[in-house]
2 protein chains.
Amino acid sequence: MESKQNTLYIASLAKGLRLLRAFDEGNTELSLAELAQRSGLDKSATQRLANTLYMEGMLDKDPDTRRFRPSHAWLQLAYAYYWSDPLVGQAIPKLIDLAQDLGETVNLAEISGDHIVYVSRLPCKRTYFAATIIGRRLPALSTSAGRAILSTVPEAERNAAIDTWPIRKFTPGTTTDRAQIRDSIEQAVVDGFAISTGQMILNEIGVATPIIGHDGRAHAAVQCSVSAHTWSREKIVQDILPKLQDTANAISPSFQPYRGTAQGPSDPD
Amino acid sequence: MESKQNTLYIASLAKGLRLLRAFDEGNTELSLAELAQRSGLDKSATQRLANTLYMEGMLDKDPDTRRFRPSHAWLQLAYAYYWSDPLVGQAIPKLIDLAQDLGETVNLAEISGDHIVYVSRLPCKRTYFAATIIGRRLPALSTSAGRAILSTVPEAERNAAIDTWPIRKFTPGTTTDRAQIRDSIEQAVVDGFAISTGQMILNEIGVATPIIGHDGRAHAAVQCSVSAHTWSREKIVQDILPKLQDTANAISPSFQPYRGTAQGPSDPD
DNA sequence: TGACACCGTATCATAATATGATACATAAAA
DNA sequence: TTTTATGTATCATATTATGATACGGTGTCA
């Protein structure tokens with residue numbers, strides 16, 4: 001089989017991880033056959049790996065349908081992650097205050113390669129789409145948070161990112177023109193914040209301010225999503241933005257930049 | 001080596017998972033040696049497994065200190081979990097409303113073997129310990145949520161649980177006497193809710209109401225934690241409890257009971 | 001400065017472990 | 001009923017993981 005490399009790579013472990021990754025928002029429970037199909041592994045391998053994950057408590061199994069599901073252990077991993085991320089402890093209390101103050105949903109996003117990951121969400125009111133987005137991974141260029149973060153990196157690197165990083169069309173209103181995205185980011189360089197309309201969801205406006213680290217670069221952003229029905233661009237800049245920036249600045253100074261990086265493939269999901 | 005069983009158990013995968021589980025609130029970043037020590041694996045195995053996890057993007061690595069950390073992928077797993085858990089989608093919108101209404105922190109907890117797992121948290125105000133508790137796993141008997149859930153199971157099973165399930169002492173005020181815990185749970189059988197004082201944190205009061213499924217049993221609970229400085233038991237019963245119960249009942253009817261169970265060892269952490 | 005201990009990294013011959021083809025059983029579809 | 005698909009179990013083979021060993025770098029104690 002495709003031995004990824006040399007002797008310090010254990011294929012069995014990697015294959016097991018592929019099974020875990022077979023689950024997502026569209027595939028919440030999978031049969032053995034589906035698991036095999038989605039992971040690209042043959043039936044026998046899938047059988048053994050899934051059984052191992054089951055025995056280790058990483059997968060639940062419905063005794064009737066024999067379908068597999070993510071177990072609570074997946075949340076325990078998130079718990080461990082939270083403690084390991086130095087930014088989380090710093091930011092959460094301030095984000096709580098911000099969310100209470102604004103009365104709108106506030107998110108914390110971090111850069112992860114060419115994507116951003118939502119690390120924490122403080123929901124307020126009836127959130128349009130009430131689903132949690134913790135752990136959601138999106139192309140950085142297509143999000144206000146990603147653009148805010150990119151606005152803090154050196155010009156050359158920034159331009160390279162704008163030219164090469166992935167983009168995805170979520171709604172009819174999603175910007176797919178890189179020139180337009182460049183304008184948006186350059187505007188953010190000047191303004192110190194990024195704002196985008198209807199990129200992810202129709203009638204949704206996102207504002208984000210970068211959380212700047214010691215090196216002057218942002219690795220994260222505070223983001224706020226509001227409805228275009230009740231908010232205008234001007235009103236956001238006037239009422240939300242100042243508080244958003246205060247919060248981001250309050251988090252910034254003591255933040256140890258996050259230097260580690262996994263070299264996983266930049267999967268174009 | 002200790003082949004857990006037969007031919008449908010892949011030891012390498014299980015060992016890799018042990019590395020992941022080596023990270024927790026007290027061990028947020030680990031060197032290779034520490035990883036080996038905590039997982040109980042020898043240096044070579046740890047080296048290979050950690051390297052594989054790194055290549056697959058499951059671990060980050062600080063290029064200077066060479067220490068490993070949980071990666072963003074751990075949050076992506078949580079994301080997949082949220083979509084797979086039918087209760088989450090049902091409950092979150094109602095919990096948001098409840099949290100806004102109460103102005104206090106609201107949690108969703110699920111039973112997982114003899115422990116409970118916090119699945120979602122809606123923080124309000126300055127939460128005493130602002131840390132997130134999503135994914136935190138606690139002995140069911142030591143929590144208000146666990147007692148609320150246990151109050152809905154048949155008597156025989158309930159008694160067996162009270163006699164055998166694990167207990168842990170978190171504060172000087174934590175109840176370790178099973179007779180007392182039995183009283184607390186039997187009271188919950190009558191009242192329909194559980195309340196506990198200073199079990200996890202000093203001066204913290206927890207109230208929980210069970211979310212009852214089709215089979216009449218609860219697999220989850222809505223929980224609220226407040227400060228004993230500003231709340232008395234009576235005030236909680238008067239002001240918080242009714243809303244808490246309404247919310248739990250609103251979630252209950254349409255909830256498909258969660259039948260799958262991993263057979264992992266009941267680790268006494 | 002040198003000696004020592006520790007850690008991360010790399011290599012390699014060996015055998016233990018994972019492999020995947022195959023067969024059986026059960027359940028769903030025709 | 002027959003047919004198809006899916007979950008489960010078995011087994012001989014060689015591919016794959018193993019772990020002992022060695023090397024280079026770094027920090028610590030004399």
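It should be emphasised that the depicted structure is a prediction, and the values quoted were computed from it without experimental measurement.
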Quick one: does [X]'s side chain get under 4.5 Å of [Y]'s, heavy atoms only?
X: S12(B); Y: K15(A); result: no
X: T46(B); Y: R38(B); result: no
X: L150(A); Y: L141(A); result: yes
X: Y79(B); Y: E25(A); result: yes
X: Y118(A); Y: I134(A); result: no
X: Y82(B); Y: L75(A); result: yes
X: W74(B); Y: L59(B); result: yes

If I take atom [atom1] in residue [X] and atom [atom2] in nucleotide [N], what distance separates them, rounded to the nearest angstrom?
X: L19(A); N: dA18(C); atom1: CG; atom2: C1'; value: 15 Å
X: L35(A); N: dT8(D); atom1: CG; atom2: P; value: 12 Å
X: L41(A); N: dT19(C); atom1: CG; atom2: P; value: 9 Å
X: D64(A); N: dT26(C); atom1: CG; atom2: P; value: 17 Å
X: K15(B); N: dA17(D); atom1: NZ; atom2: P; value: 11 Å
X: Q37(A); N: dA5(D); atom1: CD; atom2: P; value: 13 Å
X: I10(B); N: dT15(D); atom1: CD1; atom2: P; value: 18 Å
X: N51(B); N: dT18(D); atom1: CG; atom2: C1'; value: 16 Å

Under 4.0 Å protein heavy-atom contact, by nucleotide of nucleotides 5-14 of chain C - B base, S sugar-phosphate only: --SBBBBB--
Pairs satisfying ring pair (Phe, Tyr, Trp, His ring centres under 6.0 Å), at least one member in residues 145-172 of chain B, at least two apart: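 Sorted result for residues 145-172 of chain B: empty, none.
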Five-pair end axes of the helix from dT1(C)-dA30(D) to dA30(C)-dT1(D) and the angle they enclose, rounded to 10°: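 It comes to 40° between the two terminal axes.
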Sole candidate of T209(B), N107(B), T143(B) that passes side-chain hydrogen bond (donor to acceptor under 3.5 Å, both in side chains) when paired with Q223(B):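 That would be N107(B).
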Under 4.0 angstrom between S12(B) side-chain N/O and dT17(C) OP1 or OP2: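 Looking at the OP1 and OP2 atoms of dT17(C), neither is under 4.0 Å from any side-chain N or O of S12(B).
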